[in-house]
Amino acid sequence: MTGLVLVMSVSALIWVGLFLYLLRMESRVRELEKR
Amino acid sequence: MDLGVPREATSATAKERGSRLAVWKLLLLPWMLLVLAGAFLWAPQVQGLGDETYVMYLHIPMAWVGALAYFVAAYYAITYLARHRVESDIASSVSAEIGLLFTVLATVTGALWAKAQWGAYWNWDPKQTSIFLLLLTYGAYFMLRAAVEDEDRRATLSAAYALLAVVAVPFLMLIVPKFVAPSALHPAPVVERQMNAKVGWVLLAANVGFTGIYVWMLQLKIRLLTAARRRESIL
């Protein structure tokens with residue numbers, strides 16, 4: 001059970017990290033497009 | 001099909017499209033977290049796979065996105081050959097790039113699965129051999145792009161290559177491993193026979209989520225390259 005919770009938490013963190021990275025890239029690209 | 005290739009970046013329609021798409025992009029994170037919860041807490045493990053069931057929710061969507069990206073690359077290759085718009089060349093190469101990335105990820109997750117199930121990361125199983133050939137095929141696409149300096153010639157040659165390469169995709173990903181040389185080791189027959197409805201739903205949701213991530217990545221890279229190109233031409 002502990003292993004399952006650990007794997008789930010790490011997976012969720014990876015998704016959150018990827019999502020934040022894509023959001024950051026989105027704002028960077030918008031900035032570049034405005035220039 | 002319009003996956004975000006910018007035509008007039010400053011037009012009102014482009015701006016409206018940009019803000020409209022933001023909603024589905026924001027929904028991607030809760031969607032994927034739901035998929036995660038569904039995989040671990042709702043759907044049962046597939047009989048005969050055990051804990052490796054969880055790898056399946058990554059492996060299959062990654063392979064799906066890889067194949068989809070190659071077909072999108074071929075679509076933009078056709079539009080390039082028909083209209084000679086540089087945006088189509090950018091879209092085609094970016095899609096092939098993302099396709100290669102997801103094929104590598106599918107190969108790695110497949111190898112992890114193989115290690116757990118068969119005791120070795122690589123067995124030259126028909127599916128592994130055909131995905132290796134697919135990696136070589138699209139690796140050669142990028143070698144071709146790197147080898148040609150002239151922009152128009154590079155775009156034309158790589159569009160023609162992308163069209164030829166995509167013919168191999170259904171053969172290497174489906175027909176050869178499934179019908180010509182059915183894999184003795186790959187668990188697809190086990191999964192198909194014992195597919196629980198819940199497992200099917202989670203898998204479908206994971207495929208949708210991964211497709212969303214692919215479209216987002218594709219748009220970002222195309223917009224980035226187009227903006228960089230525009231800046232270069234101004235400077």
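The chains referred to below are lettered A, B, ... by the order of the sequence lines, with proteins before strands, and numbering in each begins at 1. What you see below is based on every heavy atom in this structure, not just the backbone, and it leaves out hydrogens, waters and symmetry mates.
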For a quick test of your reading: what N or O donor-acceptor pairs under 3.5 Å do the side chains of residues 8-18 of chain A make, sequence neighbours left out?
residue, atom, partner, partner atom, Å
A:Ser9, OG, A:Val5, O, 2.6
A:Ser11, OG, A:Val7, O, 2.7

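Top candidate by heavy-atom pairs under 4.5 Å with chain A, chosen from B:Leu220, B:Leu28, B:Leu224, is B:Leu220. Per-residue counts of heavy-atom pairs under 4.5 Å with chain B were compared for A:Leu4, A:Leu20, A:Leu22; the largest is that of A:Leu22.
Listed by sequence position, B:Phe210 are the residues of residues 204-211 of chain B in contact with chain A, using a 4.5 angstrom heavy-atom cutoff.
Contacts of B:Arg154 classified as salt bridge (Lys or Arg N to Asp or Glu O under 4.0 Å), with partners at least two apart in sequence or in another chain: none. Not counting sequence neighbours, B:Glu149 has no partner by the salt bridge (Lys or Arg N to Asp or Glu O under 4.0 Å) test.
With 3.5 Å as the limit, one finds no donor-acceptor pair spanning the side chains of B:Ser93 and B:Tyr141.
In this structure, CG on B:Leu105 lies 12.0 Å from CD1 on B:Ile98, to the nearest 0.5 angstrom.
Using bins of under 30°, 30° to 60° and over 60° for the plane-to-plane angle, the ring pair B:Tyr70/B:Tyr138 lands in the parallel bin. B:Tyr54 and B:Phe40 have parallel rings, their planes meeting at less than 30° on a 0 to 90° scale where 60° marks the start of perpendicular.
Of the atoms belonging to B:Leu33, it is side-chain heavy atoms, and not backbone ones, that fall under 4.5 Å from chain A.
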